[in-house]
Amino acid sequence: MRVILIGPPGAGKGTQAKRIRKRLRIPHIASGDMLREAVSASTPLGQQAEIYMKKGELVPDNVVTEMIMERISRPECEDGFLLDGFPRTLQQAKALHKALARSDVHIDHVLHVKVPDEEIIIRSTARRMDPVTGRIYNLKSDPPPKAIIERLIQRSDDNETTLRNRLAAFHRQTEPMIPFYEKQGIIRRIFGLGTLEEVECRILSALR
Ligand code: AMP
């Protein structure tokens, strides 16, 4: 099964993807995580991407598209994948469509996780990551155990100014690709408020 998760930054795509990938038994491919790894490793790709990520802007289409195409062409993605954070522009969506069509495969489901902007700001500024396990917590909705609270870090692009830029980029650059998937009849809207279990349930029933 080939699935795409769309949603504003902080809508819970990554958290939900980690929950459902095990059930679907397909690799979870998160463009943001791949880019952050490249930044930490200071690769040429990472150095280029960091300039945009710091400002909350999108990394140029060709850079991200090339990175994802290489990843999904690996054998472990042959039977499917769960894409989280890619595609994020109409150009990326079209490039993905073209590349898959060459192998005579297609996307089965596009899930659009919807969360109001103001809720995104509240959520994301309370988001913390455990650098040891990679687990994401939320100080309000999904609090960490007290014993590890000291070691948690905040993503550098989870401050309010950068977040507002990321939200603006979502509305301006990502939302225009929704009609592309509507025309194909494969997009489903997921109400993104509620507990993690509730949202997961909505996602799984949309995939059924
Ligand atoms: P995320 O972890 O998905 O919120 O992504 C963090 C940042 O990585 C974004 O704000 C962008 O700067 C960059 N990024 C991730 N995925 C993409 C993409 N598909 N296209 C362009 N930039 C991306």
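For ligands, and for the atoms within them, numbers begin at 1 and follow the listed sequence. Values below: every heavy atom of this structure, side chains too, minus hydrogens, waters and symmetry copies.
Every protein residue with a heavy atom nearer than 4.0 Å to ligand 1 is included here: S31, G32, L35, R36, M53, E57, L58, V59, V64, G85, F86, R88, Q92, R155, D157, R166.
Between K13 and T15 there is no side-chain heavy-atom pair separated by less than 4.5 Å. F86 has its side chain out of reach of I29: every pair of non-hydrogen atoms, C-beta onward, lies at least 4.5 Å apart. Proximity of P179 to L90: side-chain heavy atoms (C-beta onward) are nowhere separated by under 4.5 Å.
Donor-acceptor pairing under 3.5 Å is recorded for the side chains of H171 and D117.
Taking the six-membered ring where tryptophan is involved, the planes of H112 and F170 are tilted, since the angle between them lies from 30° to 60°.
With sequence neighbours excluded, no residue forms a ring pair (Phe, Tyr, Trp, His ring centres under 6.0 Å) with F191.
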